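When a residue number appears, it is its place in the shown sequence, counting from 1. The structure presented is a predicted model; accordingly, all values stated were derived computationally and were not measured.
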Amino acid sequence: FACDRCALSNCCFGGGAPGASGIGAEKRAAKREATLSGAEGSWLSEWALQTGIWCGIVLCVRLLLMALVALVRHPLYHFLYVSLFSNLSGRAQMLEALVAAPLLGNMFQLSILDHVLKK
């Protein structure tokens, strides 16, 4: 077998002399250089593929959430605002609109993303 560090047959494991060379060692060194140069392209293409998949998942989740909000906005508005929050003071409504609602929305979105990404 060839050594991964120097492409010589068994040199680092005591099977061959470190200075030994030959046609087989030169071929293995050339093959190793070709593999290394291809590995750079492969990690880049793998990163691009994984990033594209992640962006696609985020896009699909956001489109799904947008469609869900568009479908339930009127019933949700009447239930939440008219039934629950219309009797609150202006300060409480402001806290609900600027703190509580975005916090719940972000928690919901992150839980969906976390569930999808763990699959």
Side-chain angles (χ1 to χ4, degrees):
F1 64 95
C3 172
D4 290 333
R5 286 182 267 165
C6 61
L8 296 177
S9 178
N10 297 329
C11 74
C12 295
F13 299 99
S21 64
I23 296 173
E26 292 171 4
K27 285 182 182 179
R28 284 190 296 273
K31 184 177 178 181
R32 184 168 186 269
E33 287 178 21
T35 304
L36 286 177
S37 64
E40 286 184 29
S42 68
W43 78 262
L44 186 61
S45 63
E46 184 177 335
W47 175 84
L49 177 66
Q50 289 175 348
T51 303
I53 290 170
W54 182 81
C55 288
I57 290 171
V58 170
L59 177 67
C60 289
V61 169
R62 289 192 179 228
L63 289 174
L64 179 68
L65 287 175
M66 184 181 72
L68 183 67
V69 166
L71 290 174
V72 299
R73 71 178 174 206
H74 292 296
L76 194 61
Y77 171 77
H78 286 292
F79 170 71
L80 288 177
Y81 182 71
V82 175
S83 302
L84 299 176
F85 298 116
S86 62
N87 56 357
L88 294 177
S89 69
R91 185 179 184 98
Q93 287 181 1
M94 182 183 67
L95 284 173
E96 187 272 328
L98 297 177
V99 176
L103 180 68
L104 291 174
N106 287 338
M107 287 173 29
F108 179 68
Q109 182 181 357
L110 287 174
S111 67
I112 289 175
L113 284 175
D114 188 46
H115 177 71
V116 168
L117 292 176
K118 283 185 179 179
K119 283 187 176 184

Going by atom type alone, with no hydrogens or angles, which donor-acceptor pairs under 3.5 Å involve a side-chain atom of residues 103-111 and a protein atom two or more places apart or on another chain?
| unit_1 | atom_1 | unit_2 | atom_2 | d |
| --- | --- | --- | --- | --- |
| N106 | ND2 | P102 | O | 3.3 |
| S111 | OG | M107 | O | 3.3 |
| S111 | OG | F108 | O | 2.7 |

Pairs under 3.5 angstrom only: tabulate donor-acceptor contacts from the side chains of residues 49-75 to other protein residues two or more places apart or in another chain.
| unit_1 | atom_1 | unit_2 | atom_2 | d |
| --- | --- | --- | --- | --- |
| T51 | OG1 | W47 | O | 2.8 |

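- By the side-chain contact (heavy atoms from CB on, under 4.5 Å) test, A92 is found to be paired with L88, S89, residues two or more places apart in sequence or in another chain being considered.
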